[in-house]
S.K.: 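Quick one: the structure is below, questions incoming.
Quantities reported herein were computed from a predicted structural model and do not represent experimental measurements.
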Amino acid sequence: MIVIQPATPAQAPEIAHLIMMAMTDECCLHFCGEGYTLDHFRHMMTQLVARTDSQYSYLNTLVAMHADQVVGIAVSYDGAQLHTLRRAFVEAAKTSLGKDHSAMADETQAGELYLDSLAVLPAYRRQGIARQLLRATKAKATQLRLPCVGLLVDQGNPAGERLYASVGFRYLNDSHWGGHPMKHLVL
């Protein structure tokens, strides 16, 4: 049985692994400076998940649990808080990865609960876990009195678009982030 619940700091390594899975290796390496690897990025992300002031914080994360194992995650936060929450990532990337991301484009906006990362371990896919996480994220938006959930999906990810459409997400506009053309979807 899968249980969706708030994350804990002790789950930081598992959450960081799943965030990186959602981002893809190519994107993670894009954030690294010369000579830095995915292992360096994973270490930094694990630290960011364990913090309380990061967009990737465990406080912003819902986990899908199967027994004692984290099998999926949904990381979301109030889009109005992006600049405040992103500071931790920008500072960590400078010190841990030698790269300055302070001029990074905004990926969200005020008025939405931004779904930053959604991932399910490969062995647990196609079991409805992502849909459960999406519904729990919508419930979180309602609890926070935010009118919608927003996300960016890579235009080259039709399977992702179908998943989001299956729970009611609709196209809002085109976007560009992390070197990829994206679609901004809302629920």
S.K.: Please give me the minimum heavy-atom distance between Leu118 and Ala22, naming the atom from each residue.
M.R.: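 Nearest pair, atom of Leu118 first, then Ala22: O-CB, 3.5 Å.
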S.K.: What about Val90 and Leu29, same hydrophobic cluster or not, with Ile/Leu/Val/Met/Phe/Trp/Tyr joined at side-chain heavy-atom distances under 4.5 Å?
M.R.: no
S.K.: Start with the C-alpha gap between Arg86 and Glu107, add the side-chain angles, then the distance that decides, and say whether salt bridge (charged side-chain N to carboxylate O under 4.0 Å, His left out) holds.
M.R.: CA-CA 11 Å; Arg86 186 183 277 166; Glu107 57 196 285; 3.0 Å; yes
S.K.: CE of Met1 to CE of Met65: how many Å apart, nearest 0.5 Å?
M.R.: 12.5 Å
S.K.: Just how far is it from atom CG of Leu133 to atom CD1 of Ile73, taken to the nearest 0.5 Å?
M.R.: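 Answer for the CG-CD1 pair, Leu133 versus Ile73, is 8.0 Å.
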S.K.: Give the C-alpha distance, both sets of side-chain angles, the deciding distance and a yes or no for side-chain contact (heavy atoms from CB on, under 4.5 Å) between Leu152 and Lys183.
M.R.: CA-CA 5 Å; Leu152 296 181; Lys183 290 182 181 179; over 6 Å; no
S.K.: Do His43 and Asp39 have side chains that get closer than 4.5 Å, going by heavy atoms?
M.R.: no
S.K.: Please list, chain by chain and in numerical order, all residues satisfying side chain to side chain donor-acceptor pair (under 3.5 Å) with Asn60, sequence neighbours excluded.
M.R.: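 None.
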S.K.: Taking atom CD of Gln5 as the centre, report whether more than 12 heavy atoms of other residues, nucleotides or ligands fall under 6.0 Å from it.
M.R.: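 Check passes, neighbour count above 12.
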S.K.: What are the two closest heavy atoms between Val120 and Ala130, and how far apart are they?
M.R.: CG2-N, 4.0 Å
S.K.: Determine whether Gln127 and His66 satisfy the following criterion, side-chain hydrogen bond (donor to acceptor under 3.5 Å, both in side chains), listing intermediate values before the conclusion.
M.R.: CA-CA 12 Å; Gln127 298 176 32; His66 180 254; over 6 Å; no
S.K.: Do Met104 and Val75 belong together in a cluster built from hydrophobic side chains that touch within less than 4.5 Å?
M.R.: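 Yes, it is one cluster - the side chains of Met104 and Val75 are joined through contacts under 4.5 Å.
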S.K.: Are Tyr171 and Phe169 connected into the same hydrophobic cluster when the rule is that any two of I, L, V, M, F, W, Y join if their side-chain heavy atoms are below 4.5 Å apart?
M.R.: yes
S.K.: Can Lys140 and Leu113 be said to form a side-chain contact (heavy atoms from CB on, under 4.5 Å), step by step?
M.R.: CA-CA 8 Å; Lys140 179 179 170 182; Leu113 180 67; 3.9 Å; yes
S.K.: Could you check whether any side-chain heavy atom of Thr95 comes within less than 4.5 Å of a side-chain heavy atom of Glu91, counting everything from C-beta outward?
M.R.: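 Heavy-atom side-chain distance check fails, nothing below 4.5 Å.
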S.K.: Side chains of Arg170 and Tyr164, heavy atoms from C-beta outward: is any pair under 4.5 Å?
M.R.: no
S.K.: Give me the atom names and distance for the closest heavy-atom approach of His83 to Asp106.
M.R.: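 Closest heavy-atom pair between His83 and Asp106: NE2-OD1, 2.8 Å.
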S.K.: Considering only heavy atoms from C-beta outward, does the side chain of Thr46 approach that of His17 to under 4.5 Å?
M.R.: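 A side-chain contact is absent here, since even the closest heavy-atom pair is not under 4.5 Å.
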S.K.: Any idea which heavy atoms bring Val153 and Gly160 closest together, and the distance?
M.R.: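 What the structure gives for the nearest pair is CG2-C, 4.3 Å.
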S.K.: Please tell me if the side chains of Val149 and Val186 come closer than 4.5 Å, counting only heavy atoms from C-beta onward.
M.R.: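 Result no, sub-4.5 Å side-chain heavy-atom pair not found.
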S.K.: Is the closest side-chain donor-acceptor distance between Asp100 and Ser102 under 3.5 Å?
M.R.: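 On atom types as modelled, these side chains qualify, holding a pair under 3.5 Å.
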S.K.: Quick check: do Val63 and Gln11 have side-chain heavy atoms less than 4.5 Å from each other?
M.R.: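 They are in side-chain contact.
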S.K.: Rounded to the nearest 0.5 Å, what separation is found between the CG atom of Asp116 and the OG atom of Ser76?
M.R.: 9.0 Å
S.K.: Check whether Gln155 reaches the backbone of Met182 with its side chain - one donor and one acceptor, N or O, closer than 3.5 Å.
M.R.: yes
S.K.: Could you tell me the separation between the CD atom of Gln109 and the CG atom of Asp78, rounded to the nearest 0.5 Å?
M.R.: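 These two atoms lie 11.5 Å from each other.
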S.K.: Determine, stepwise, if the pair Gln69 / Tyr124 fulfils side-chain contact (heavy atoms from CB on, under 4.5 Å).
M.R.: CA-CA 11 Å; Gln69 183 182 9; Tyr124 289 85; 3.4 Å; yes
S.K.: If I compare all heavy atoms of His30 with all of Lys99, which pair ends up nearest, and what's the gap?
M.R.: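 Distance-wise, the nearest heavy atoms are O-NZ, 2.6 Å.
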S.K.: Would you say the side chain of Leu163 lies within less than 4.5 Å of the side chain of Leu134, judging by non-hydrogen atoms?
M.R.: yes
S.K.: How far apart are the closest heavy atoms of Tyr56 and Ile19, and which atoms are they?
M.R.: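 Closest approach of Tyr56 to Ile19, heavy atoms only: CD2-CD1, 3.9 Å.
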S.K.: Could you check whether Phe89 and Phe31 have their ring centres less than 6.0 Å apart?
M.R.: yes
S.K.: Side chains of Gln55 and Tyr114: closer than 4.5 Å at any heavy-atom pair?
M.R.: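 They are not in side-chain contact.
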S.K.: Would you check, one step at a time, whether the test side-chain contact (heavy atoms from CB on, under 4.5 Å) holds for Lys138 with Gln143?
M.R.: CA-CA 9 Å; Lys138 177 59 176 165; Gln143 180 184 4; over 6 Å; no
S.K.: Under 4.5 Å between side-chain heavy atoms, hopping through other hydrophobics if needed: is there a path connecting Leu38 to Met44?
M.R.: yes
S.K.: To the nearest 0.5 Å, what is the distance between CG (Leu48) and CZ (Phe41)?
M.R.: 8.0 Å
S.K.: For residues 45-63, which residue pairs qualify under salt bridge (Lys or Arg N to Asp or Glu O under 4.0 Å), counting only residues two or more places apart or in two chains?
M.R.: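 Every salt bridge (Lys or Arg N to Asp or Glu O under 4.0 Å) pair that includes a residue of residues 45-63, provided the two are not neighbours, is Arg51-Asp53.
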S.K.: Just verifying a value: how many Å separate Leu82 CG and Thr84 OG1, rounded to the nearest 0.5 Å?
M.R.: 8.5 Å
